[in-house]
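Some notes on the structure that comes next.
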Amino acid sequence: MIDLRAARADPGPVRAALARKGAADAFDRLLEADVRWRALVPRVDELRAKTKLKGKPTPEQLDELQAVKSELRAAEDALATVEAERDALALRVPNPPHDEVPDGASEDDARELRRVGEPPELAEPRDHLELGRFEMERAARMSGARFGYWVGDTARLALALYRLALDRLSAKGFVTVLPPVLVREAALVGTGAFPSDEANVYELPEDDLYLAGTAEIPVASLHAGEILPVDELPLRYVAFSTCFRREAGAAGRDTRGMIRVHQFNKVEQFSLTPPEQSWDELELLLQNTEELVHDLDLPYRVVVLPAGDMSSASAKTYDVEVWFPSQGRYRETASISNTTDFQARRLQIRFRGQHGPEPVHMLNGTAVVDRMALAILENFQGDVPAALLPYGAPERVIVRSP
RNA sequence: GGAGAAGUGGCCGAGUGGUUGAAGGCGGCGCCCUGCUAAGGCGUUAGGUGGGGUAAUCCCUGCCUCGAGGGUUCGAAUCCCUCCUUCUCCGCCA
């Protein structure tokens, strides 16, 4: 949710920023509905004021009140209609991108910040399907395409990866969370996943519940509706969860292997900060992710996503992309975003500032994800980085059958 | 799944149809008092939103909000309905 009052006071810059996300039109329609809404408010307020009495009315007053009331009903209905239109439009306006975010809407428009580590020289790299045990055909017979079992050493590698990330972040003061992954619609609206990315969310209509595509969804709602004491900020969490995505619109992409599946596990960082601290916090979350990838000896690069390729909630997103030898390119394995006050407005998470309650800023970022375990398999062709050995990973992933 | 009770401001907690957006307490903030500390005194302190004024972090003013949404009534925190949540008991269960 954008700051509507600020936007109508000075719409120019907001509109220009939103145009970079392709949302200038949505913004215009919102402002137009807002104008109509504000035009109706004074009349309704005036009629409501007329209905207020301090004691029992006289018979003459009663007659007058009846007349006012029917007029008021009509005015309130009109207001409610316009208000619903305005609110629906407001949900469709994304968070304006930060000035440093590049233009463009495709992956190719991302701005590369740096490359760290050297891709390995491999004559004939085997891919993760050969190096790990995923049982994709058996999974497909059970659950369909884009599912896989992690079995044996392969599973232990993944578990060690999660434990490494959870331990590291816990040591940095992030509070560990195991959240619910079945959530109501409000949690998805609150993070901006609805209505912008509705098609990618699994729904359980019998129970009015949805499967969260990331721990960001339930963790963002942890403090929904609260006014937080300022001395408790920043609040930092690290959550482990299974993530579910329909991958609608990804037909034909990454059809081979475990790169893009409907269900995966992720360790996610999440911060709530005062507004003036959120850009430093974004760098901190990125640094945490880079440390993990670096300590896993994975070659990677960092990019800034272009305005049109970010989520609706994000003002600026860094992706950490790890080298995949079987594909000969870097692939996204982490996404770190500052949603500024966008989610905080929707979820009404505030802190008590100098001049009353203000929305906090909220940030989320991948720490580690299953896809990194695939990269580990491919970059070291089955050998396991030393950092994972204390967490129960095998020194070398051996695939046994059946 | 069945039966019952309850949801009020940052927190606790009064309030069963009309000067109640809401007593009192705690916490917070300001001032005073006291070598320091502790204690004490006085005052202040819900959120949202529309409009107006100003150099303004400010002031004036309208409206909405007592879990959410509907309804009854001239008038609802208070009565009715639906939903959500919490607690107690029973049943089931990793």
Side-chain angles (χ1 to χ4, degrees), chain A residues 1-11 30-91 93 178-190 194 203-210 217-218 221-235 240-242 272 274-276 341-360:
Chain A
M1 191 81 73
I2 62 167
D3 184 344
L4 187 53
R5 213 184 316 191
R8 68 184 167 225
D10 189 15
L30 172 61
L31 283 191
E32 183 273 326
D34 182 55
V35 166
R36 283 189 289 135
W37 177 80
R38 280 187 298 151
L40 293 174
V41 166
R43 181 65 181 148
V44 170
D45 284 0
E46 185 190 327
L47 289 169
R48 278 174 177 161
K50 277 193 192 171
T51 65
K52 293 194 167 182
L53 293 178
K54 285 185 177 173
K56 287 186 182 175
T58 63
E60 307 82 70
Q61 281 179 313
L62 269 182
D63 290 341
E64 195 187 322
L65 282 168
Q66 294 285 17
V68 171
K69 199 175 162 181
S70 69
E71 201 179 342
L72 176 60
R73 273 194 193 244
E76 280 184 329
D77 285 351
L79 181 68
T81 302
V82 174
E83 193 165 285
E85 284 172 27
R86 185 196 65 169
D87 293 349
L89 289 165
L91 285 181
V93 174
L178 297 172
V181 294
L182 287 179
V183 301
R184 291 220 185 89
E185 187 179 25
L188 293 154
V189 172
F194 277 15
E203 181 180 5
L204 284 68
E206 288 285 298
D207 299 288
D208 284 327
L209 290 170
Y210 301 84
I217 309 274
S221 286
L222 185 55
H223 293 287
E226 297 182 21
I227 298 177
L228 302 163
V230 69
D231 56 2
E232 281 184 19
L233 298 178
L235 280 168
F240 171 86
S241 84
T242 302
L272 299 90
E276 65 276 10
D341 60 358
F342 186 86
Q343 295 180 333
R345 278 182 197 285
R346 292 185 173 210
L347 292 164
Q348 294 181 67
I349 304 178
R350 293 166 291 177
F351 71 100
R352 215 166 270 289
Q354 283 289 310
H355 313 292
E358 287 180 55
V360 298

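Chain letters run A, B, ... following the sequence lines, proteins first, then strands; residues in each count from 1.
Separating the CG atom of A/Asp45 from the C1' atom of B/U49 is a distance of 9 Å, rounded to the nearest angstrom. Between the P atom of B/C64 and the CD atom of A/Glu83 lies a distance of 13 Å, rounded to the nearest Å. Going from atom CG of A/Leu72 over to atom P of B/C63 covers 12 Å, rounded to whole Å.
Across all strands shown, B/A38 has no partner, as no Watson-Crick or G-U wobble contact with both distances under 3.5 Å is found. Within the shown strands, B/U86 is the pairing partner of B/A5 under the Watson-Crick or G-U definition, both distances less than 3.5 Å.
Where A/Glu46 and A/Arg352 each meet RNA chain B at their nearest nucleotide, the meeting point lying more 5' is that of A/Arg352.
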A/Leu30 and A/Leu4: side-chain contact (heavy atoms from CB on, under 4.5 Å), yes or no, with the steps?
-> CA-CA 9 Å; A/Leu30 172 61; A/Leu4 187 53; 4.0 Å; yes

Could you please spell out the steps behind the salt bridge (Lys or Arg N to Asp or Glu O under 4.0 Å) verdict for A/Arg38 and A/Asp34?
-> CA-CA 6 Å; A/Arg38 280 187 298 151; A/Asp34 182 55; 3.4 Å; yes

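Taking atom C1' in both B/C81 and B/U72, one finds a spacing of 11 Å when rounded to whole Å.
Note on A/Arg36: nothing from the nucleic acid sits closer than 4.0 angstrom, heavy atoms only. Backbone-only contact: A/Pro357 has heavy atoms under 4.0 Å from sugar-phosphate atoms and none from a base.
Residues passing the side-chain contact (heavy atoms from CB on, under 4.5 Å) test with A/Leu182, sequence neighbours excluded: A/Leu204, A/Leu209, A/Leu211.
Dashed line: the shortest gap from a side-chain N or O of A/Lys69 to OP1 or OP2 of B/G75 is under 4.0 Å. Checking the phosphate oxygens (OP1, OP2) of B/C63, no side-chain nitrogen or oxygen of A/Arg43 falls inside 4.0 Å.
Rounding to the nearest 0.5 angstrom, the gap separating the CG atom in A/Leu89 from the CD atom in A/Glu32 is 8.5 Å.
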Tabulate atom names and distances for all N/O pairs under 3.5 angstrom spanning the protein and nucleotides 78-84 of chain B.
from  : atom 1 : to       : atom 2 : distance (Å)
B/C84 : O3'    : A/Arg184 : NH2    : 2.5

Protein-nucleotides 65-67 of chain B N/O pairs under 3.5 Å:
none

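The shortest non-hydrogen separation linking A/Val360 to A/Ala344 is O-CB, 3.1 Å.
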